Number of protein chains: 2
Amino acid sequence: MHVRESHVRESQVRENEANRPDAGGSASPRRPTQAERRARTRNALLESAARGLSRYGYGNLVLEQVAREAGYTRGALYHQFKDKQDLTLAVSEWVMATWDEEVGQLVAQEQDPAAALLALARGHAVYCRRDIARVAIALRLEFSGQDHPVGREVEKGYQSLIERCAGLIGAGREAGSIPDGPPARAVALAFVGAVEGTSIALSGQAPHDESLVAGAAAGALGLPTHTDIQGRTA
Amino acid sequence: MHVRESHVRESQVRENEANRPDAGGSASPRRPTQAERRARTRNALLESAARGLSRYGYGNLVLEQVAREAGYTRGALYHQFKDKQDLTLAVSEWVMATWDEEVGQLVAQEQDPAAALLALARGHAVYCRRDIARVAIALRLEFSGQDHPVGREVEKGYQSLIERCAGLIGAGREAGSIPDGPPARAVALAFVGAVEGTSIALSGQAPHDESLVAGAAAGALGLPTHTDIQGRTA
DNA sequence: TCTCGTACATGCATGAATGTATGTTACTCG
DNA sequence: CGAGTAACATACATTCATGCATGTACGAGA
């Protein structure tokens with residue numbers, strides 16, 4: 001009666017599709033193991049949720065749509081995540097980890113603090129080209145001033161970023177590569193705000209995003225712009 | 001039974017309070033006229049809704065809380081506004097009008113395009129010191145890519161701001177006060193993004209907000225920073 | 001091949017928020 | 001000063017997303 005099997009075929013098709021290339025391989029098993037299957041759907045759900053959060057925010061996010069876009073139903077979602085909040089927390093961690101791998105690395109490679117901050121700006125601009133760019137800022141806007149666990153988590157990451165930037169600014173000032181000005185913490189706030197604001201405004205925009213974000217970031221730091229030092233486009 | 005009159009007294013008190021100074025006046029009537037009363041509550045509801053939208057966004061905005069914070073109930077709200085969407089649209093118009101009076105004026109007074117843009121940045125920073133700073137960006141983030149009427153309205157205002165800035169950038173480049181660079185429209189996006197991002201990050205922050213926002217804005221435009229003018233280049 | 005645990009789907013109950021209908025008080029005008 | 005209407009409050013119906021409980025198919029080990 002209610003035993004329709006279409007959904008079963010669908011998921012079968014999905015996994016077969018993903019597995020067919022392995023048919024002749026030797027490293028991975030022909031049929032997906034349970035752990036693989038679980039990880040696969042978990043990843044799909046996380047990605048879908050990240051897109052949704054980036055577009056609609058937490059409150060407007062409808063879990064059925066998240067699951068559907070990932071190719072599942074809410075059942076799968078509630079099997080992998082405790083509830084909406086847990087899912088969002090997982091997305092937040094996932095996004096931050098991705099950011100750290102992609103942008104944090106760039107920053108760590110630079111020696112000069114000013115160069116590190118500009119690398120952060122450029123890296124963030126590139127990072128924001130994808131469709132999950134707004135996750136962080138959307139969640140922070142939505143939960144700012146609240147006492148929600150998600151808000152706390154996001155705010156924690158944000159504060160740690162601010163600290164990191166403030167530290168770099170202080171170091172840059174001591175090294176002489178960043179001019180004096182307002183308190184380092186206030187400058188760090190401005191720097192991050194400028195980077196985030198421009199990155200979002202320019203996301204998906206041309207190839208100009210990098211240099212423009214870097215320019216705004218440099219302005220917030222009080223650095224001379226590249227137009228002053230003719231021909232210098234790092 | 002359900003005829004409690006406490007709420008009636010409350011509203012009476014509220015209006016008497018606001019009217020007492022007029023007791024000896026001659027210009028305005030001693031007792032508030034209907035239109036005055038209506039305008040008063042409408043304004044209170046608008047202000048409350050603006051705060052709510054700025055804090056929680058559209059989706060998380062609870063109309064009962066809006067009404068309660070304004071000193072009324074949802075009944076008053078639904079008497080003055082057709083529905084939630086209508087209220088939000090009214091808030092949007094109200095905020096934009098306020099912005100234009102406060103910031104737009106500053107911009108119009110400046111002769112040089114570059115000076116006008118920097119005046120916009122500083123003016124916006126000051127404008128964002130109040131608690132309704134985030135209304136515009138919150139709504140735009142929440143409805144970006146949607147087909148919601150509120151989103152269209154907000155996006156319209158945003159695009160018109162972008163156009164205005166792009167025009168100023170073009171003029172500034174012809175006048176020589178703004179260096180060449182990426183397409184004017186892209187720079188305008190970066191400029192507005194930088195201004196909004198820094199203004200929000202620094203809202204309520206110290207007296208440094210103005211100069212820091214101006215710095216980021218100048219950076220996005222490719223202008224030399226004031227530290228260069230002071231001769232403090234590294 | 002049989003059985004058990006896991007991955008997932010489906011159906012239902014709950015709660016919260018919206019919108020509307022109805023009732024009550026305050027102002028206005030004859 | 002009395003009728004009529006506007007400004008509100010209150011009570012109710014509807015909608016809808018969440019969370020959970022139940023049901024079914026798949027994978028792993030004996």
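All values reported here derive from a predicted model rather than from experimental measurement. Below, chains carry the letters A, B, ... as their sequence lines are ordered, and counting in each starts from 1. Side chains included, hydrogens not; waters and symmetry mates left out as well; all remaining heavy atoms used.
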Visitor: Does B:Gln80 put a side-chain nitrogen or oxygen below 4.0 Å from OP1 or OP2 of D:dC8?
Guide: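 Indeed, a polar side-chain atom of B:Gln80 lies that close.
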Visitor: From the set D:dA7, C:dT10, D:dT10, return the single nucleotide nearest to any side-chain atom of B:Thr73.
Guide: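 Closest nucleotide among those given: D:dT10.
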Visitor: To the nearest 0.5 Å, what is the distance between CD on B:Glu142 and CG on B:Leu61?
Guide: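 Output value for this atom pair is 9.5 Å.
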Visitor: Please determine which of B:Leu46, B:Val135, B:Leu139, B:Leu53 meets the side-chain contact (heavy atoms from CB on, under 4.5 Å) test together with B:Val95.
Guide: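 It is B:Val135; the other options fail the test.
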Visitor: Expressed as a whole number of angstroms, how long is the span from A:Asn60:CG to D:dA17:C1'?
Guide: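 So the CG-C1' distance, A:Asn60 to D:dA17, works out to 12 Å.
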Visitor: Cut-off 3.5 Å, side chains only: do B:Ser144 and A:Arg134 have a donor facing an acceptor?
Guide: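 Side chains of B:Ser144 and A:Arg134: pair found under 3.5 Å.
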Visitor: Minimum heavy-atom separation for A:Asn60 and B:Gly59, please, with both atom names.
Guide: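 Reported closest heavy-atom pair: OD1-CA, 3.4 Å.
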Visitor: What is the distance, rounded to the nearest whole Å, between atom CZ of B:Arg38 and atom P of D:dT5?
Guide: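 So the two atoms are 16 Å apart, to the nearest Å.
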Visitor: Pick out the pairs of N or O atoms, protein on one side and nucleotides 18-21 of chain D on the other, that lie under 3.5 Å.
Guide:
unit_1 : atom_1 : unit_2  : atom_2 : d
D:dT18 : OP1    : A:Leu61 : O      : 2.9
D:dT18 : OP1    : A:Leu63 : N      : 3.4
D:dT18 : OP1    : A:Lys84 : NZ     : 3.3
D:dT18 : OP2    : A:Leu63 : N      : 3.2
D:dG19 : OP2    : A:Tyr78 : OH     : 2.6
D:dG19 : OP2    : A:Lys84 : N      : 3.1
D:dG19 : N7     : A:Arg74 : NH2    : 2.6
D:dG19 : O6     : A:Arg74 : NH2    : 2.8

Visitor: Which nucleotide in the set D:dA6, D:dA9, C:dA9 lies at the smallest distance from any side-chain heavy atom of A:Ala76?
Guide: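 The nucleotide sitting nearest to the side chain is C:dA9.
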Visitor: Please give, in whole Å, the distance from C:dT25 C1' to B:Tyr72 OH?
Guide: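 Answer to the nearest Å: 14 Å.
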Visitor: Can you tell if the side chain of B:Gln205 reaches within under 4.5 Å of the side chain of B:Leu212, non-hydrogen atoms only?
Guide: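 Heavy-atom side-chain distance check fails, nothing below 4.5 Å.
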Visitor: Nearest-Å distance, CZ (B:Arg42) to C1' (D:dC8)?
Guide: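 Nearest whole value for this atom pair: 16 Å.
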Visitor: Rounded to whole Å, how long is the line connecting atom NE2 of B:His79 with atom C1' of C:dC27?
Guide: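 From B:His79 NE2 to C:dC27 C1': 12 Å.
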Visitor: Side-chain polar contacts of residues 182-192 of chain B - donor-acceptor pairs under 3.5 angstrom, sequence neighbours left out - could you list them?
Guide:
unit_1   : atom_1 : unit_2   : atom_2 : d
B:Arg185 : NH1    : B:Glu163 : OE2    : 2.5
B:Arg185 : NH2    : B:Gln159 : OE1    : 2.8

Visitor: How close or far is atom C1' of D:dC8 from atom CZ of B:Arg40, stated in whole angstroms?
Guide: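 Interatomic distance, CZ of B:Arg40 to C1' of D:dC8: 16 Å.
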